[in-house]
Student: 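Attaching a single structure in structure tokens format; questions to follow.
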Amino acid sequence: MRPTNFKRSWPLYAVALVVLLVLMRLPDDDRVGVRAADAPPATQPATSQPSADYPAFHGGGPLIGLAPPIGPPPMALRWKYLVDDNDRTSVEAAPAIANGVVYVADTKGTLHAIDIKTGKATWTYKSGDSFETAPLVADGRVFVGDMNGVMHAVSAADGKKIWVYDSESAIHASANADGGNIYFGNDGAKIVCLNAVDGKVVWTGEAGDRLNSTPAIGHGAAFVSGCDQHLRAMSLKDGKELFSVDLGALAPGSPAVLSDRIVVGTDGGRLLCYSADGKKTLWTFEDVEDKAMVYSSPAVADGFAVVGARDRAVHAVNLETGKEAWSFKTRGDVDASPVISAGRVYAASRDKKLYVLDLKTGAKLWEYTAGRSINATPAIGEGVVIIADTAGGVFCLEPK
């Protein structure tokens, strides 16, 4: 090329060079040619999540299981706490984390408040019966239901009883909170809304059978699923049923509620996704081995829905398509619900282990072995992971 031609063309070369350099610096997902299907959509929760605490089962609110960010593994044991010297006392439900305190309820009927820094109990509260539900912390109070059907409200500061409410049937369903009220179900198929301050009944509703699931809050409704094989939306205002969807199988876990969809697991090895109004089935996932029950509640983040199942595996499903993204095998049933934090999945198994997995690939990043099987869902907050096992051990893990 003659010098005169080059002088005329050099601005075009300069522009091309700048574009090339910009493209080389972009992340892979931002480059031209990456298909939308390669990166699942980031569907939003129906309500926001707490910034540091984890005050309820699966984070409370919409129950999407998205926890505050925590540093990557490996992790170290900050402390271990025993709920009782008798190893027959188990922890069956998730701990809660709020304001520097870990709250754990055990099968002997004791609620423990444990200092998150030292692992020492600040107070204990004793019920008349076993606890198999996760504590809910809201507005300076801790709410937890027992197997005698009594919902207890105690002071988060000192563990003193504030009020009790007798629901008249065993409570397996952990409570959730919204707008100054708490919501829960019981084995008598009753759905209850109480005023959090005084325990007075705001409204009650009915399902068709026992309710194990925590009500998920979103779109002005409390969403419950249970042994009657239905997903129900109950108005937060007055408890009127807004809609009911036949799931085709019992649903022991809780639904996850997002801005445009609801995800729930059932028996028969299925994970179902519905539109937020319940009118349309968006997809059905049925690739759980031997159609084993999906006992856990789904955790949802970054375009993935992640569940544990009784095929001893953790399954991640593309939230848009319902296709399996990956599965990870453990050596025990995964009844505890997975929790997602900072692009990682924290999944506990009955094989005694907590597994930390990469959310996008399912690759194992780290594992920790407890003393006995883990049925309780992990809690992540204030920079630590809390797990509890069926021998009554409570473990506080922190990034090294």
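The shown structure was predicted, so the numbers you read here are calculated from the model rather than taken from an experiment. No hydrogens, no waters, no symmetry mates; every other heavy atom, side chains included, goes into these values.
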Student: Quick one: OG on S259 to NE2 on H219, what's the gap to the nearest 0.5 Å?
Tutor: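 Here the interatomic distance stands at 6.5 Å.
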Student: If you look at every heavy atom in L66 and A301, which pair is closest and at what distance?
Tutor: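 Scanning both residues, the minimum pair turns out to be CD1-CB, 3.9 Å.
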Student: If you apply the rule side chain to side chain contact (heavy atoms under 4.5 Å, CB included), what do you find for K190 with S169, and how did you get there?
Tutor: CA-CA 9 Å; K190 182 185 290 185; S169 188; over 6 Å; no
Student: Not counting sequence neighbours, list each pair that qualifies as a side chain to side chain donor-acceptor pair (under 3.5 Å) and has a residue in residues 128-141.
Tutor: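 Residue pairs passing side chain to side chain donor-acceptor pair (under 3.5 Å), neighbours aside: none found.
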Student: Any chance the side chains of T107 and S90 put a donor and an acceptor closer than 3.5 Å?
Tutor: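 No, no side-chain donor-acceptor contact under 3.5 Å.
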Student: Check whether S337 reaches the backbone of T377 with its side chain - one donor and one acceptor, N or O, closer than 3.5 Å.
Tutor: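 The answer is no, because no donor-acceptor pair under 3.5 Å joins these two groups.
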Student: Measure from the side-chain N and O atoms of T390 to the backbone N and O of S373, and report whether any donor-acceptor pair falls under 3.5 Å.
Tutor: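 Here the side-chain-to-backbone pair exists.
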Student: Determine the minimum heavy-atom distance between A105 and P135, stating which atoms define it.
Tutor: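 Answer, listing the atom of A105 first, then P135: N-CG, 4.2 Å.
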Student: Keeping to residues at least two apart or across chains, list the side chain to side chain donor-acceptor pair (under 3.5 Å) pairs with something in residues 284-297.
Tutor: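 Matches after skipping sequence neighbours: E289-K329.
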Student: If the condition is salt bridge (Lys or Arg N to Asp or Glu O under 4.0 Å), which residues does K353 pass it with, not counting sequence neighbours?
Tutor: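 Residues passing salt bridge (Lys or Arg N to Asp or Glu O under 4.0 Å) with K353: E367.
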Student: Do you know which two heavy atoms are closest between C273 and V263, and how far apart they sit?
Tutor: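 In this case the closest contact between C273 and V263 is SG-CG2, 4.1 Å.
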Student: Indicate yes or no for a side-chain donor-acceptor contact from W326 to the backbone of L359 under 3.5 Å, with no hydrogens or angles considered.
Tutor: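 At least one qualifying donor-acceptor pair exists.
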Student: Donor-acceptor pair, T266 side chain versus Q229 backbone, under 3.5 Å?
Tutor: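 Answer holds: no.
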Student: Can you list the steps and then say if L354 with L397 is a side chain to side chain contact (heavy atoms under 4.5 Å, CB included)?
Tutor: CA-CA 11 Å; L354 170 73; L397 304 170; 3.9 Å; yes
Student: Take V294 and R270 through the test side chain to side chain contact (heavy atoms under 4.5 Å, CB included) and record every step on the way to the result.
Tutor: CA-CA 7 Å; V294 176; R270 297 187 304 155; 5.9 Å; no
Student: Kindly indicate whether the side chain of S254, heavy atoms from C-beta on, has any atom under 4.5 Å from the side chain of H58.
Tutor: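 The answer is no; the side chains never approach within 4.5 Å.
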Student: Among residues two or more places apart or on two chains, list those pairs meeting salt bridge (Lys or Arg N to Asp or Glu O under 4.0 Å) that have a residue in residues 237-253.
Tutor: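 Matches after skipping sequence neighbours: R232-E241.
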Student: Is it the case that the side chain of D358 and the backbone of A363 share a donor-acceptor pair, with hydrogens and angles ignored and the cut-off at 3.5 Å?
Tutor: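 No: the side chain of D358 does not pair with the backbone of A363.
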Student: Would a distance-only check, ignoring hydrogens and angles, find a side-chain to backbone donor-acceptor pair under 3.5 Å from T122 to D115?
Tutor: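 Not a single qualifying donor-acceptor pair exists.
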Student: Okay, side chain of H230, backbone of V224: is any donor-acceptor separation there less than 3.5 Å?
Tutor: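 The answer is no, because no donor-acceptor pair under 3.5 Å joins these two groups.
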Student: So which heavy atom on P378 is nearest to which on I387, and how close?
Tutor: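 For P378 versus I387, the nearest heavy atoms are CB-CG2, 4.0 Å.
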Student: I want to check something: taking the side chain as every heavy atom from C-beta on, are D53 and N99 in contact at a cut-off of under 4.5 Å?
Tutor: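 SC-SC contact between D53 and N99 confirmed.
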Student: With sequence neighbours left out, which residue pairs that include part of residues 330-351 fulfil the salt bridge (Lys or Arg N to Asp or Glu O under 4.0 Å) condition?
Tutor: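 Found R310-D335.
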Student: With a 4.5 Å limit on heavy-atom distance, are the side chains of L272 and T281 in contact?
Tutor: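 No - every pair of side-chain heavy atoms lies 4.5 Å or more apart.
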Student: Between A348 and A376, which heavy-atom pair has the shortest distance, and what is it?
Tutor: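 Scanning both residues completely, I find the closest heavy atoms to be CB-O, 4.3 Å.
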Student: Mind jotting down which residue pairs meet the salt bridge (Lys or Arg N to Asp or Glu O under 4.0 Å) criterion with at least one end in residues 387-400? Sequence neighbours excluded, please.
Tutor: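 Every salt bridge (Lys or Arg N to Asp or Glu O under 4.0 Å) pair that includes a residue of residues 387-400, provided the two are not neighbours, is R78-E398.
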Student: What distance separates F57 CZ from L63 CG, expressed to the nearest 0.5 Å?
Tutor: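 Going from CZ on F57 over to CG on L63, the span is 6.5 Å.
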Student: Go through F184 and L211 one step at a time and tell me if the side chain to side chain contact (heavy atoms under 4.5 Å, CB included) criterion holds.
Tutor: CA-CA 9 Å; F184 66 95; L211 293 167; over 6 Å; no
Student: Decide whether T89 and D106 meet the rule of one side-chain donor and one side-chain acceptor closer than 3.5 Å.
Tutor: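 Distance-only check fails for T89 and D106.
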Student: Could you check if a side-chain atom of Y54 sits within less than 4.5 angstrom of a side-chain atom of I386, using non-hydrogen atoms only?
Tutor: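 In short, these two side chains do not touch, never coming nearer than 4.5 Å.
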Student: Whether the side chain of W123 engages the backbone of L111 through a donor-acceptor N/O pair (distance < 3.5 Å, no angle test) should be reported.
Tutor: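 A pair under 3.5 Å: no.
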Student: Which atom names give the shortest non-hydrogen contact between A222 and P215, and what distance separates them?
Tutor: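 Result for this residue pair: CB-CB, 4.1 Å.
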Student: If the condition is side chain to side chain contact (heavy atoms under 4.5 Å, CB included), which residues does A56 pass it with, not counting sequence neighbours?
Tutor: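 Testing A56 for side chain to side chain contact (heavy atoms under 4.5 Å, CB included), a comparison that skips the adjacent residues, returns L136.
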Student: Indicate the ring-plane relationship of W203 and Y183, choosing parallel, tilted or perpendicular according to the 30° and 60° boundaries.
Tutor: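 Plane angle between 30° and 60°, so tilted.
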Student: Does any pair with a residue in residues 195-216 pass salt bridge (Lys or Arg N to Asp or Glu O under 4.0 Å), and if so which ones, sequence neighbours excluded?
Tutor: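 Residue pairs with at least one partner in residues 195-216: D187-R210.
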Student: Nearest 0.5 angstrom please: T330 OG1 to K364 NZ, how far?
Tutor: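 The distance works out to 11.0 Å.
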Student: Can you check whether V334 reaches H315 side chain to side chain, under 4.5 Å on heavy atoms?
Tutor: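 Heavy-atom side-chain distance check fails, nothing below 4.5 Å.
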Student: Side-chain contact test, heavy atoms from C-beta onward, threshold under 4.5 Å: evaluate it for N176 versus D178 and give yes or no.
Tutor: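 N176 does not reach D178 side chain to side chain.
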Student: Without swapping roles, check the side chain of W283 against the backbone of L319 for a donor-acceptor pair under 3.5 Å.
Tutor: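 A pair under 3.5 Å: yes.
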Student: If the condition is side chain to side chain contact (heavy atoms under 4.5 Å, CB included), which residues does S341 pass it with, not counting sequence neighbours?
Tutor: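 Once residues adjacent in sequence are excluded, the partners of S341 under the side chain to side chain contact (heavy atoms under 4.5 Å, CB included) criterion are A67, I70, Y346, I380.
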Student: Can you name the side chain to side chain contact (heavy atoms under 4.5 Å, CB included) partners of V137, sequence neighbours left out?
Tutor: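 Residues passing side chain to side chain contact (heavy atoms under 4.5 Å, CB included) with V137: P55, A96, A98, Y103, V142.
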Student: Decide if atom CG of D158 counts as having more than 12 heavy atoms of other residues, nucleotides or ligands within a radius under 6.0 Å.
Tutor: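 It does: D158 CG has more than 12 such atoms within range.
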Student: Can you sort out the partners of H112 under ring pair (Phe, Tyr, Trp, His ring centres under 6.0 Å), two or more places apart, ordered by chain and number?
Tutor: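 Partners of H112 by the ring pair (Phe, Tyr, Trp, His ring centres under 6.0 Å) criterion, ordered by chain and then number, come out as Y81.
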Student: Are F304 and K360 packed together at the side-chain level, in the sense that at least one heavy-atom pair is separated by less than 4.5 angstrom?
Tutor: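 SC-SC contact between F304 and K360 confirmed.
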Student: Which residues satisfy the side chain to side chain contact (heavy atoms under 4.5 Å, CB included) test with D166, sequence neighbours excluded?
Tutor: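 So D166 forms a side chain to side chain contact (heavy atoms under 4.5 Å, CB included) with V150, E168.
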Student: Would you mind reporting whether W163 and N195 have side-chain heavy atoms less than 4.5 Å apart?
Tutor: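 In short, these two side chains do not touch, never coming nearer than 4.5 Å.
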